[in-house]
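Below you'll find the structure, written out as structure tokens, and then a few comments.
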Amino acid sequence: MKHCLFAVILSLSVFTSGAHARPLEAIKKSGKLIAATEGQFPPFNFFKGTKLSGFEIDLAEMLAKKMGVALEWKTLPFDSLLIGLAQDRYDLVIASHGVTPERQRAVLFTKPHYCTGGVAVGKGKAPSKASLKGFTVGVQVGTSYVTELQKEHLFKQLKTFPKDTDAVQSLMAGKVDAWVSDRFVALEAVSKNAALEIGELVFTERVAIAVALGNAGLADGLNAALDFVKSDGSYVKLSNQYFKTDVSCGR
Ligand code: ARG
């Protein structure tokens, strides 16, 4: 796993050196910001029928509007999102990436757009953090959940899935004993499936938008827009709409 991560970082830095991330001026001139997400992580980014929806989709639309540009979406598997960013296939990634030192070596993060944590979810029984040590735990590949669980060896066996929703299905089918995911994603899953029970918080994280390493102009532009939607009340309104609470990390 460590080797794998190293290889990813290495390949990202190789791509970064020859890349030309679009500065804010170029984006404004073209009139269009190109954003990438996964579309499989409800209620943050998901497909409602064929329509890309979710808190992060609406928030990005809000930020683009404030910046005076249109927004074009691309959807990719979660574990290829940051790699495509380093290859300049789009300007930003908004897909619930927790800010971690490993990722900060490969991309530049904006200020966090929400604060959250990873929780343990069980079927019929809410798992404690300590109980994970005796369990087969299911998580989405490439996520901070994998790294955090490995840090404290919080599993008997760790099973990774391409999509977070595959991990839920595996829990429902009794193929894993617990699923670790975002606390708000877990709440959404429980609302759709009464057999699921949310247990203890495993760790907390700050989630941010990623831009290409060195693209400080774009990060500043996004930060200013984020500050604005927080100060004029539209962020809180959107947050309440999805979560009935303010998920921001504060001002
Ligand atoms: N917050 C977790 C992380 O930083 C999970 C993100 C998963 N996002 C998604 N679109 N599936 O890795």
Side-chain angles (χ1 to χ4, degrees), residues 1 4-5 8-9 12 35-48 51-60 73-86 89-90 92-121 132 137-152 154-155 158-171 178-189 192 198 201-211 239 242-243 247-249:
M1 189 61 208
C4 182
L5 185 67
V8 169
I9 290 167
L12 283 173
T37 191
E38 184 200 22
Q40 309 288 341
F41 201 55
F44 292 103
N45 61 77
F46 63 101
F47 281 93
K48 211 186 253 170
K51 195 182 179 320
L52 188 59
S53 315
F55 175 70
E56 290 183 305
I57 309 307
D58 291 352
L59 181 63
W73 286 103
K74 293 193 188 300
T75 53
L76 284 91
F78 181 72
D79 61 352
S80 26
L81 283 166
L82 297 188
I83 297 169
L85 186 62
R89 291 166 57 199
Y90 28 80
L92 68 86
V93 172
I94 181 161
S96 291
H97 283 90
V99 177
T100 66
E102 294 84 6
R103 287 174 178 162
Q104 280 176 312
R105 270 181 255 146
V107 298
L108 177 64
F109 283 108
T110 62
K111 290 181 186 175
H113 62 281
Y114 74 92
C115 265
T116 188
V119 286
V121 184
L132 293 177
V137 181
V139 281
Q140 184 179 24
V141 73
T143 58
S144 52
Y145 316 129
V146 175
T147 340
E148 287 294 325
L149 292 172
Q150 279 174 336
K151 249 189 225 166
E152 296 182 61
L154 293 170
F155 51 83
L158 193 61
K159 273 198 190 167
T160 56
F161 296 86
K163 291 186 287 174
D164 195 53
T165 46
D166 298 334
V168 189
Q169 274 171 19
S170 181
L171 175 63
W179 161 54
V180 171
S181 186
D182 186 276
R183 53 187 289 240
F184 298 107
V185 171
L187 282 171
E188 172 87 6
K192 300 241 154 74
I198 301 179
L201 190 72
V202 181
F203 73 106
T204 60
E205 66 178 351
R206 298 156 75 81
V207 166
I209 299 170
V211 301
S239 178
Y242 277 95
F243 311 106
V247 297
S248 77
C249 304

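Order of listing sets the numbers, starting from 1, for every ligand and every atom in it. No hydrogens, no waters, no symmetry mates; every other heavy atom, side chains included, goes into these values. For clarity, every value in this text was computed on a predicted model and none was experimentally measured.
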- At the 4.0 Å heavy-atom cut-off, does Lys163 count as touching ligand 1? no
- ligand 1 contact on Glu205 by region, counting heavy-atom pairs under 4.0 Å: side chain
- Query: Is the closest side-chain heavy-atom distance between His113 and Ile209 below 4.5 Å?
  - Reply: yes
- Message: Just so I know, are the side chains of Trp179 and Ser170 near enough to count as touching, which here means a heavy-atom distance under 4.5 Å?
- Response: no
- Item | For Gln140, the ligand 1 atoms whose distance to one of its heavy atoms is below 4.0 Å | 7 (C), 9 (C), 11 (N)
- Item | His97 neighbourhood, listing ligand 1 atoms whose heavy-atom distance to it stays under 4.0 Å | 4 (O)
- Message: Is it the case that the side chains of Ser96 and Glu56 hold a donor-acceptor pair, with the cut-off being a distance below 3.5 Å and no angle test?
- Response: yes
- Could you tell me which atoms of ligand 1, counted from 1 in the order shown, lie closer than 4.0 angstrom to a heavy atom of Asn45? 10 (N)
- From Gln40 atom CD to Asp164 atom CG, the distance as rounded to the nearest 0.5 Å: 10.0 Å
- Message: Would Ser96 count as being in polar contact with ligand 1, using the rule that some N or O on each side must be under 3.5 angstrom apart?
- Response: yes
- Aromatic plane relationship, Phe44 with Phe55 - under 30° parallel, 30 to 60° tilted, over 60° perpendicular: perpendicular
- OG1 of Thr100 to CD of Glu205, rounded to nearest 0.5 Å, is 8.5 Å
- Query: Relative to the heavy atoms of Arg103, which atoms of ligand 1 are at a distance of less than 4.0 Å?
  - Reply: 3 (C), 4 (O), 12 (O)
- Query: Against heavy atoms of Gly98, which atoms of ligand 1 measure under 4.0 Å?
  - Reply: 3 (C), 4 (O)
- Message: For atom 9 (C) of ligand 1, what's the nearest protein heavy-atom neighbour? Residue, atom name and distance, please.
- Response: Glu38 OE1, 3.2 Å
- Are Asp58 and Tyr242 close enough, and set up right, to give a side chain to side chain donor-acceptor pair (under 3.5 Å), and what steps lead you there? CA-CA 10 Å; Asp58 291 352; Tyr242 277 95; 2.8 Å; yes
- Task: Please tell me if the side chains of Leu132 and Val202 come closer than 4.5 Å, counting only heavy atoms from C-beta onward.
- Result: yes
- Message: Checking a contact table here: which protein heavy atom is nearest atom 8 (N) of ligand 1, and how many Å away?
- Response: Ala95 O, 2.9 Å
- among protein heavy atoms, the one nearest atom 3 (C) of ligand 1 is Ser144 OG, 3.0 Å
- Query: Quick one: are Gln140 and Glu38 in side-chain contact, heavy atoms under 4.5 Å?
  - Reply: yes
- Query: At what distance is the nearest protein heavy atom to atom 5 (C) of ligand 1, and which residue and atom is it?
  - Reply: Tyr145 OH, 3.3 Å
- Task: Please state which part of Phe44 comes within less than 4.0 Å of ligand 1, counting heavy atoms only: side chain, backbone, both or neither.
- Result: neither
